[in-house]
Novice: 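Please find one structure pasted underneath; my questions will follow.
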Amino acid sequence: MAEPGHTIHPVLTPEQIQARVAELGEQLSRDFQGEEPIFLGVLNGAFIFLSDLVRHMRLPVQVDFVRLASYGASTTSSGQIRITKDCELDLTGRCVLVVEDIVDTGLTLHWLAERLRARGPRQLKLCALIDKPERRQCDLHLDYVGFHIPRGFLVGYGLDYNEQYRYLPGIGELHFGASEGPQGHERRP
């Protein structure tokens, strides 16, 4: 399963992930009762989480996506974030839930939330499958969190390293050979 020079140590089983996604779907269904919220997935990492989450909703949901770039080919942030695929739905007066795979420093999601608030949603909430607050570099409140995982470079269930491992049904910590390895998680293709 792992590329040569890589090993993956299990962190979350597919069953643990699915149970938590179902719980989040129930909570979101209660919290958005009477609404038709927009679930805005952040590509590429959140696509699996978002699709599973939507299937657990007990109310109508509209779905759209954004894609951001901040890293280029590096594993460390350039500090410059840009939208490479913008959402196409009108957010004015709507309840919007941003769905992210993992939040580490928080800089990318904070940047995106500020731009989305300028579009006039009635309510903007943030949801992350994984929260790694130990590396947080900004004041960012997550309204919904699947799991708090303090450290490790995680892959699987949409999370990748160099566009590899997204297909894994569980989440594991990727260990690298001595000559390589990323510094953090918040990277964009």
Novice: Taking the side chain as every heavy atom from C-beta outward, state whether C127 and F39 have any pair of such atoms under 4.5 Å apart.
Specialist: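 The answer is no; the side chains never approach within 4.5 Å.
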
Novice: Does atom CZ of R58 have more than 12 heavy-atom neighbours from other groups under 6.0 Å away?
Specialist: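 Result for CZ/R58: enclosed.
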
Novice: Look at the side chain of K125 and the backbone N and O of C95, then say whether any donor-acceptor pair between them is shorter than 3.5 Å.
Specialist: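 Side chain of K125 to backbone of C95, a donor-acceptor pair under 3.5 Å: no, none is there.
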
Novice: Is the side chain of N162 donor-acceptor paired with the backbone N or O of Q164 at a distance under 3.5 Å, no angle test?
Specialist: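 No; judged by distance alone, with no hydrogens or angles, the pair does not exist.
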
Novice: What distance do Y165 atom OH and I171 atom CD1 have between them, rounded to the nearest 0.5 Å?
Specialist: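 If I round to the nearest 0.5 Å, the distance is 15.0 Å.
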
Novice: Go through F65 and L50 one step at a time and tell me if the side chain to side chain contact (heavy atoms under 4.5 Å, CB included) criterion holds.
Specialist: CA-CA 10 Å; F65 294 93; L50 176 62; 3.4 Å; yes

Novice: Check D131, D104, T105 against R136 for a side-chain hydrogen bond (donor to acceptor under 3.5 Å, both in side chains) and give me the one that passes.
Specialist: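 Filter result, single survivor: D131.
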
Novice: As a quick check of understanding, evaluate side chain to side chain contact (heavy atoms under 4.5 Å, CB included) for V98 and L124, giving each step before the final call.
Specialist: CA-CA 7 Å; V98 178; L124 182 71; 3.8 Å; yes

Novice: Taking all non-hydrogen atoms of both residues into account, name the closest pair between V11 and I149 and its distance.
Specialist: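 The pair with the smallest heavy-atom distance is CG1-CD1, 3.9 Å.
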
Novice: When you measure from the side chain of R20 to the backbone N and O of G146, does any donor-acceptor pair fall under 3.5 Å?
Specialist: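 Flag set: sc R20 to bb G146 pair under 3.5 Å.
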
Novice: Can you tell me how far the CD atom of E100 sits from the CG atom of L40, to the nearest 0.5 Å?
Specialist: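 Going from the CD atom of E100 to the CG atom of L40 covers 10.0 Å.
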
Novice: Is the closest side-chain heavy-atom distance between H56 and Q18 below 4.5 Å?
Specialist: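 Yes. Closest side-chain heavy atoms under 4.5 Å.
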
Novice: Side chain to side chain contact (heavy atoms under 4.5 Å, CB included) between L168 and I8: does it pass, once the steps are laid out?
Specialist: CA-CA 11 Å; L168 298 174; I8 300 172; 3.8 Å; yes

Novice: Calculate, to the nearest 0.5 Å, the distance between atoms CG and CG belonging to L109 and L126 respectively.
Specialist: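 It is 5.0 Å, given to the nearest 0.5 Å.
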
Novice: State, yes or no, whether a side-chain contact exists between I130 and L159 at a heavy-atom distance under 4.5 Å.
Specialist: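 Of all side-chain heavy-atom pairs linking L159 with I130, at least one is under 4.5 Å.
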
Novice: Shortest non-hydrogen contact from C138 to H110?
Specialist: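 Closest heavy-atom pair between C138 and H110: SG-CB, 3.7 Å.
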
Novice: Give the intermediate values and the outcome of side chain to side chain contact (heavy atoms under 4.5 Å, CB included) for residues Y157 and L12.
Specialist: CA-CA 10 Å; Y157 196 69; L12 296 169; over 6 Å; no

Novice: Considering non-hydrogen atoms only, spot the tightest contact between V145 and L24 and give its length.
Specialist: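 Heavy atoms only, the tightest pair is O-CD2, 4.1 Å.
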
Novice: What I'd like to find out is whether the side chain of L59 reaches to under 4.5 Å of the side chain of P37, using heavy atoms alone.
Specialist: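 Yes - at least one pair of side-chain heavy atoms lies under 4.5 Å apart.
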
Novice: Is it true that R94 and E36 make a salt bridge, defined as a side-chain N closer than 4.0 Å to a carboxylate O?
Specialist: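 No salt bridge links R94 with E36.
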
Novice: Run the salt-bridge test on R119 and D86 with the 4.0 Å N-O cut-off and return the result as yes or no.
Specialist: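 Judged by the 4.0 Å cut-off on N to carboxylate O distance, R119 and D86 do form a salt bridge.
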
Novice: Distance from I83 atom CD1 to L112 atom CG, nearest 0.5 Å?
Specialist: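 It is 6.5 Å, given to the nearest 0.5 Å.
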
Novice: Quick one: sort the F153 and F176 rings into parallel, tilted or perpendicular, breaks at 30° and 60°.
Specialist: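 Rings of F153 and F176: perpendicular, as their planes differ by over 60°.
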
Novice: Give a yes or no on whether the backbone of F32 and the side-chain of E35 come within a donor-acceptor separation of less than 3.5 Å.
Specialist: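 Such a contact is absent between E35 side chain and F32 backbone.
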
Novice: Using a distance-only test with no angle check, is there a side-chain donor-acceptor pair under 3.5 angstrom linking Y161 and H6?
Specialist: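 No, no side-chain donor-acceptor pair sits under 3.5 Å.
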
Novice: N44 versus E163: any side-chain heavy-atom pair under 4.5 Å?
Specialist: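 Side chain of N44 against side chain of E163, heavy atoms only: contact under 4.5 Å found.
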
Novice: Can you measure from NE2 (H9) to NE2 (H175) and round to the nearest 0.5 angstrom?
Specialist: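 So the NE2 of H9 and the NE2 of H175 are separated by 4.0 Å.
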
Novice: Does this structure show an ion pair linking D64 with K85, if we count only N-O contacts that are shorter than 4.0 Å?
Specialist: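 Result for this pair is yes, salt bridge flagged.
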
Novice: Any donor and acceptor pair, going by atom type alone, linking the side chain of T84 with main-chain N or O of R67 inside 3.5 Å?
Specialist: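 Looks like yes, one N/O pair under 3.5 Å.
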
Novice: How close do G158 and I48 get, heavy atom to heavy atom, and via which atoms?
Specialist: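 In this case the closest contact between G158 and I48 is N-CD1, 3.6 Å.
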
Novice: Kindly compute the distance separating CG (L28) from CG (L97), expressed to the nearest 0.5 Å.
Specialist: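 Reported to 0.5 Å precision, the distance equals 5.5 Å.
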
